[in-house]
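Please read these numbers as outputs of a predicted model, since none were measured by experiment. Computed over heavy atoms, backbone and side chain alike; hydrogens, waters and symmetry mates excluded.
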Amino acid sequence: MSEDLAGRVVVTLDLDGVTDKAALMDRAARDLALPDWFGRNWDALADSLGDETLWPAEAVKRGMLVVVRDWQGYAQARPEEWEIAEEVFAAAAGGRPGLDVALALGGSS
């Protein structure tokens with residue numbers, strides 16, 4: 001049985017041009033509209049993804065789907081960091097009902 005993702009608020013995390021952890025954290029802060037006090041580390045990213053108070057207002061009711069696109073360059077440039085990022089995304093999605101994270105496999109538009 002699969003979960004119906006229709007109706008979720010979709011937020012895109014675009015990693016085009018990102019080649020290191022600092023740039024990923026900056027992009028996450030921008031694309032996920034994280035507060036200025038976002039710590040820009042793996043634990044802070046995991047906490048922020050799971051914190052409904054930081055989600056768009058509609059997402060609290062409808063759920064949120066974070067689509068990570070153009071991640072392949074980062075994965076190639078920093079495979080060890082990308083592995084950690086994948087673990088953070090999986091743990092956040094697995095620990096919070098209503099949150100899903102998907103890796104887009106298509107190219108950039």
### Query
How long is the gap from CE on Met25 to CH2 on Trp42, to the nearest 0.5 Å?
4.0 Å
### Query
CD of Glu52 to CG of Leu99: how many Å apart, nearest 0.5 Å?
9.0 Å
### Message
Quick one, Trp71 and Leu105 - any side-chain contact, counting heavy atoms below 4.5 Å?
### Response
yes
### Message
Measuring only between side-chain heavy atoms, which start at C-beta, is Val68 closer than 4.5 Å to Asp14?
### Response
no
### Query
Hey, what do you get for OG1 (Thr12) to CZ (Arg69), rounding to the nearest 0.5 Å?
6.5 Å
### Query
Which distance, rounded to the nearest 0.5 Å, do you find between the CG of Leu103 and the CG of Asp70?
11.5 Å
### Query
Is the closest side-chain heavy-atom distance between Val18 and Trp82 below 4.5 Å?
no
### Message
Working note: Leu65 + Val9, criterion side chain to side chain contact (heavy atoms under 4.5 Å, CB included); need CA distance, chi angles, decisive distance, verdict.
### Response
CA-CA 6 Å; Leu65 172 62; Val9 173; over 6 Å; no
### Message
Let me confirm one number: the CZ-CG distance from Phe89 to Leu13, rounded to the nearest 0.5 Å.
### Response
5.5 Å
### Query
Taking Trp55 for the side chain and Leu49 for the main chain, is one N or O donor matched with an acceptor at less than 3.5 Å?
yes
#### Entry: Any donor-acceptor pair under 3.5 Å from Arg8 side chain to Gly98 backbone
yes
### Task
Decide yes or no for Ser48 and Leu32: does some side-chain heavy atom of the first lie under 4.5 Å from some side-chain heavy atom of the second?
no
### Query
CG of Asp47 to CG of Leu34: how many Å apart, nearest 0.5 Å?
11.0 Å
### Task
For Arg27 and Asp16, indicate whether the former's side chain and the latter's backbone hold a donor-acceptor pair under 3.5 Å.
yes
